[in-house]
Engineer: 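Below you will find the structure I want to go over with you.
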2 protein chains.
Amino acid sequence: MNSHVPPARTTAGFNLSALRGHNAALVLDLLRTAGEAGISRLELAERTGLTPQAVSKITGRLRGDGLVVEAGRRASTGGKPRTVLRLVAGAGHAVGLHLDRDELRTVLTDLTGAVVASRRAPLDLGAGADTVLAAAAREVDALLGDGEGGASVLGAGVAVPGPLDHADGVLHRVTGFPQWDGFPLRDALAERLGLPVVVDKDTNAAALGLALDGAAGDGERSFAYLHLGTGLGAGLVLGGALYRGARTGAGEFGHQVIQLDGPACDCGNRGCIEALCLAAVAVGTERGTDEAARVLGEGAGNLVGLLDIDAVLLGGRTVSAAEERFVRGVGRVLDARAMRGGGGRAIPVRAAPGGATLVVEGAAQLILAPLFGRGDAALPANRNGAKVI
Amino acid sequence: MNSHVPPARTTAGFNLSALRGHNAALVLDLLRTAGEAGISRLELAERTGLTPQAVSKITGRLRGDGLVVEAGRRASTGGKPRTVLRLVAGAGHAVGLHLDRDELRTVLTDLTGAVVASRRAPLDLGAGADTVLAAAAREVDALLGDGEGGASVLGAGVAVPGPLDHADGVLHRVTGFPQWDGFPLRDALAERLGLPVVVDKDTNAAALGLALDGAAGDGERSFAYLHLGTGLGAGLVLGGALYRGARTGAGEFGHQVIQLDGPACDCGNRGCIEALCLAAVAVGTERGTDEAARVLGEGAGNLVGLLDIDAVLLGGRTVSAAEERFVRGVGRVLDARAMRGGGGRAIPVRAAPGGATLVVEGAAQLILAPLFGRGDAALPANRNGAKVI
DNA sequence: CCACTTAAGCAACGGTGTTGCCAAAGTGCA
DNA sequence: TGCACTTTGGCAACACCGTTGCTTAAGTGG
């Protein structure tokens with residue numbers, strides 16, 4: 001009967017070119033992770049499950065493209081020593097922008113995500129689209145002007161507070177700035193900058209940055225980044241890639257109800273974690289901070305139980321102001337729950353490194369991550385505007 | 001320094017055989033979804049993104065294996081009419097077992113998941129491993145005895161209440177039955193039955209069944225199944241595949257804290273959704289049920305916001321007893337939150353179909369799902385014991 | 001009856017990872 | 001110093017994937 005169903009692609013078929021891209025991304029990701037130390041062909045073969053010969057061919061192509069170079073050799077173990085391969089950091093660059101309420105940060109990073117240049121300027125996010133876009137364009141121009149990058153810039157990743165649609169790059173309702181509702185930020189900025197643009201929530205950018213810079217430990221491929229600043233939000237990384245959900249709205253954490261019929265929150269709910277946390281912080285005492293950490297911990301515990309993740313990372317201005325206290329307070333709740341759960345090891349809780357630049361640097365990773373196969377978790381299609389090298 | 005790192009496989013490399021398997025699974029999944037109506041080669045090509053010729057080759061191989069047959073043709077649209085292809089349901093079978101506290105259900109299903117034969121017997125889950133395993137073996141023998149399946153049984157999927165490790169098939173602590181703690185159910189049962197065995201939590205089995213039998217709507221590739229019976233649990237389906245988390249422990253929903261410092265729960269926490277829900281149900285009045293639904297709804301709302309899923313399905317004995325009331329009550333909370341969130345459409349809430357057989361049938365899908373590429377969401381490796389046809 | 005349209009297979013092809021083999025480049029013992 | 005051994009990594013041939021170009025099959029419509 002329904003012969004006119006839309007061509008809803010279930011999952012993408014894989015052809016040879018997709019195959020090559022997948023394996024190349026995998027190899028690049030291992031090279032990226034290895035960093036300065038590099039990694040040998042045979043190790044790449046072990047880690048990917050591909051044959052050494054296949055790895056030789058893949059790395060050969062990557063060397064031909066200038067993305068990889070040979071860099072010394074390991075000590076021999078009784079035979080020919082392994083040749084070490086290293087990612088050429090300068091083979092590509094990415095721009096990261098963080099449009100915050102009162103500030104605009106921009107960075108230029110190389111392929112490894114290392115910052116090559118950075119700028120910082122005051123911003124009034126409420127000043128209207130034209131003003132903000134002009135400021136963004138000015139900052140990016142200045143950034144590329146002194147940097148060497150220029151030609152090899154792959155695109156610009158933009159982090160914005162509040163909900164938006166990552167897939168089409170349209171803002172929903174930046175908290176406190178209703179004038180942005182429905183604004184097609186991605187396309188507008190792409191035209192202005194002449195670069196492919198990817199936009200995402202600030203918490204997602206931060207989480208992606210943490211996922212890629214090794215802040216999450218070695219085996220920790222799934223974690224949550226909880227950001228407590230002027231608001232409370234989360235970014236989820238599942239299986240090494242950012243999880244954005246069906247409509248790219250995942251990570252709503254601050255307005256989880258954790259106190260039925262509790263105090264009213266601005267969002268209209270009662271007993272939201274955000275409201276409770278911020279109220280406790282507002283008390284200003286150490287006991288207030290401890291209470292905030294406890295509330296945050298209970299929320300984190302809920303999340304850990306639901307998703308079975310490997311770690312919890314805390315960040316944001318409010319956390320930074322009392323880092324140890326928050327880490328300890330949240331950890332205490334998780335430990336207690338793990339203990340009662342019986343035997344299960346507690347999930348590690350840590351402060352996210354990076355501080356105020358965490359989000360901008362993560363924004364640049366919005367462009368880089370797809371190159372390394374870290375584009376998206378559990379999503380059918382995976383298209384964004386980034387150029388393919 | 002750390003040259004002795006374990007061969008921790010990041011993500012699997014793809015070779016040609018994996019490529020073929022992936023595309024074949026994709027095609028099989030579309031054929032399965034199409035059901036009796038079948039699907040044409042060209043439609044398969046559109047949906048997968050593969051070329052028509054590639055689909056012809058793939059379906060040719062599948063026809064050679066006896067998994068697919070031509071079954072009539074569509075009406076012409078001005079040219080040669082499309083040939084309809086259909087999955088051969090009887091080309092393979094799977095056994096499903098549901099080890100419940102007081103009952104053992106078993107089913108034999110065909111490739112489409114349709115039940116071919118089923119049995120039901122009383123069981124005392126506390127009677128010890130030998131007794132339970134013997135009962136399981138007896139029931140499976142009887143099931144295969146009268147059914148035609150026999151030779152083409154691909155494996156047995158087993159659903160068990162309470163936490164376990166899906167990866168190695170070891171039970172953790174079935175609530176109320178400490179004697180099972182640490183029991184290697186998968187291996188023990190595999191030896192006894194002479195079949196590959198996969199074990200999982202009952203809620204996961206149910207969610208998987210719902211994911212595959214089309215109970216979740218057409219575009220609904222991500223949803224949560226909330227089961228309210230003697231306890232409260234959840235099964236998560238993200239992107240069409242079951243999400244099990246890093247240590248396959250995901251879906252802990254009943255012991256999410258939703259009332260800080262609320263009434264004590266058996267688990268040791270305070271204010272767990274499960275405790276609040278069951279207490280409200282225990283009141284026995286309609287207002288009690290409404291309150292339980294409201295609490296469940298707040299929990300569901302938290303989950304929907306965090307994961308941005310497409311739907312919420314409710315099941316379990318307690319829900320069945322007042323289905324409409326629960327659906328309405330949960331829906332009301334989600335609607336209210338979506339309304340306040342501003343514009344976002346509310347997520348549909350429905351009662352899960354299937355009733356008491358939902359879990360057994362889902363257990364069989366533990367064997368079938370990997371054949372259709374629905375094995376696991378966001379997980380590095382994806383090995384289980386199922387034979388490859 | 002014939003022109004046209006649409007579906008599906010055949011044959012050749014480009015390109016993937018794999019296999020078998022060999023050269024390169026070390027170690028270690030006589 | 002020389003030689004056997006180990007280990008790495010490339011070369012060549014290969015099997016097999018999906019793709020492309022073309023042909024054949026099987027309908028509709030004037």
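The structure displayed is predicted, hence computed values, not measured ones. Reckoned from all heavy atoms, side chains included, excluding hydrogens, waters and symmetry mates. Here is how names work: the chains are called A, B, and so on, in the same order as the sequence lines, proteins then strands, and each is numbered from 1.
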Engineer: A/Pro81 has a side chain; which of D/dC17, C/dA25, D/dT7 sits nearest to it?
Structural biologist: C/dA25
Engineer: How many whole angstroms separate atom CZ of A/Arg61 from atom P of C/dG15?
Structural biologist: 11 Å
Engineer: Taking for each residue the nucleotide of DNA chain D bearing the nearest heavy atom, is the 5' side occupied by A/Thr59 or by A/Leu16?
Structural biologist: A/Thr59
Engineer: Could you check B/Gln53 against A/Ala54 and say which one's nearest nucleotide on DNA chain C is further toward the 5' end?
Structural biologist: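 Checking each residue's closest nucleotide, the 5'-ward one belongs to B/Gln53.
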Engineer: If you pin B/Gly78 and B/Ser40 to their nearest nucleotides in DNA chain C, which one's is more 5'?
Structural biologist: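 Result: B/Gly78.
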Engineer: I need the minimum non-hydrogen distance between B/Gly90 and B/Ser152, along with the two atoms involved.
Structural biologist: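 For B/Gly90 and B/Ser152, the tightest heavy-atom pair comes out as O-OG, 4.3 Å.
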Engineer: What is the separation between atom CD on B/Glu46 and atom P on C/dT6, rounded to the nearest whole Å?
Structural biologist: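 Between P of C/dT6 and CD of B/Glu46: 13 Å.
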Engineer: Can you tell me how far P of D/dT20 sits from CG of B/Leu50, to the nearest Å?
Structural biologist: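 Taking atom P of D/dT20 as the reference, CG of B/Leu50 is at 12 Å.
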Engineer: What's the shortest heavy-atom distance between A/Asp308 and B/Arg244, and which atoms?
Structural biologist: OD2-O, 3.9 Å
Engineer: Please determine whether a side-chain nitrogen or oxygen atom of B/Thr51 lies at a distance below 4.0 Å from atom OP1 or OP2 of D/dG18.
Structural biologist: no
Engineer: Taking the side chain of A/Ser76 as its heavy atoms from C-beta onward, which of C/dG26, D/dG9, C/dT6 lies nearest to it?
Structural biologist: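 My answer, after comparing the listed nucleotides, is C/dG26.
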Engineer: Students often get this wrong, so: under 4.0 angstrom with heavy atoms, is A/Ser17 touching a base, only sugar-phosphate, or nothing?
Structural biologist: nothing
Engineer: From C-beta outward on B/Arg82, which listed nucleotide comes closest to its side chain: C/dA8, D/dT20, D/dA13?
Structural biologist: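 For the B/Arg82 side chain, the nearest candidate turns out to be C/dA8.
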Engineer: Of the nucleotides C/dA25, C/dA8, C/dG9, which one has an atom closest to the side chain of B/Glu70?
Structural biologist: C/dG9
Engineer: Where is the tightest heavy-atom contact between B/Ala89 and B/Asp110, given as atom of each residue plus distance?
Structural biologist: O-CB, 3.1 Å
Engineer: I need the NZ-C1' distance between B/Lys57 and D/dT20, as an integer number of Å.
Structural biologist: 11 Å
Engineer: Report yes if at least one side-chain N or O of A/Thr83 is closer than 4.0 Å to OP1 or OP2 of D/dG9; otherwise report no.
Structural biologist: yes
Engineer: Between P on C/dA7 and CG on B/Leu44, what's the gap in Å once rounded to a whole number?
Structural biologist: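 Rounded to whole Å, this separation is 13 Å.
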Engineer: Using only side-chain N and O atoms of A/Ser56, determine if any of them is under 4.0 Å from OP1 or OP2 of D/dG9.
Structural biologist: no
Engineer: Looking at A/Asn15, does any N or O in its side chain come under 4.0 Å of the phosphate oxygens OP1/OP2 on D/dC17?
Structural biologist: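 For D/dC17, OP1/OP2 do not have a side-chain N/O of A/Asn15 under 4.0 Å.
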Engineer: With the side chain of B/Arg63 defined as its heavy atoms from C-beta on, choose the nearest nucleotide among D/dT8, C/dG9, C/dG26.
Structural biologist: C/dG9
Engineer: Measure from the side chain of B/Arg73, starting at C-beta and using heavy atoms only, and say which of D/dA26, C/dT16, D/dG18 lies closest.
Structural biologist: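 Looking only at heavy atoms from C-beta outward on B/Arg73, the closest nucleotide is D/dA26.
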Engineer: Classify the side chain of B/Lys80 versus the base of D/dT28 as yes if they form a donor-acceptor pair under 3.5 Å and no if they do not.
Structural biologist: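 Side chain to base: no pair below 3.5 Å.
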Engineer: Expressed as a whole number of angstroms, how long is the span from B/Ile58:CD1 to D/dT19:C1'?
Structural biologist: 12 Å
Engineer: Quickly work out the A/Arg74 CZ to D/dG9 C1' distance and round it to whole Å.
Structural biologist: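 The distance from CZ of A/Arg74 to C1' of D/dG9 comes to 16 Å, rounded to the nearest Å.
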Engineer: Which pair of heavy atoms, one from A/Ala75 and one from A/Pro81, lies closest together, and at what distance?
Structural biologist: C-CB, 4.3 Å
Engineer: Once the angle between the rings of B/Phe14 and A/Phe14 is folded into 0 to 90°, is it parallel (under 30°), tilted (30 to 60°) or perpendicular (over 60°)?
Structural biologist: tilted
Engineer: Starting at atom CZ of A/Arg20, determine the distance to atom C1' of D/dT19, rounded to an integer number of angstrom.
Structural biologist: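 Checked: the CZ to C1' distance equals 14 Å.
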Engineer: If you check every side-chain atom of B/Leu19, which of C/dG9, D/dC17, C/dG17 has the closest atom?
Structural biologist: D/dC17
Engineer: Can you see if the side chain of A/Asn23 gets near the phosphate of C/dT16 - specifically, an N or O under 4.0 Å from OP1 or OP2?
Structural biologist: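 No, because none of the side-chain N or O atoms of A/Asn23 sits under 4.0 Å from OP1 or OP2 of C/dT16.
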Engineer: Going by salt bridge (Lys or Arg N to Asp or Glu O under 4.0 Å), A/Glu70 matches just one of A/Arg86, A/Arg41, A/Arg82. Which one?
Structural biologist: A/Arg41
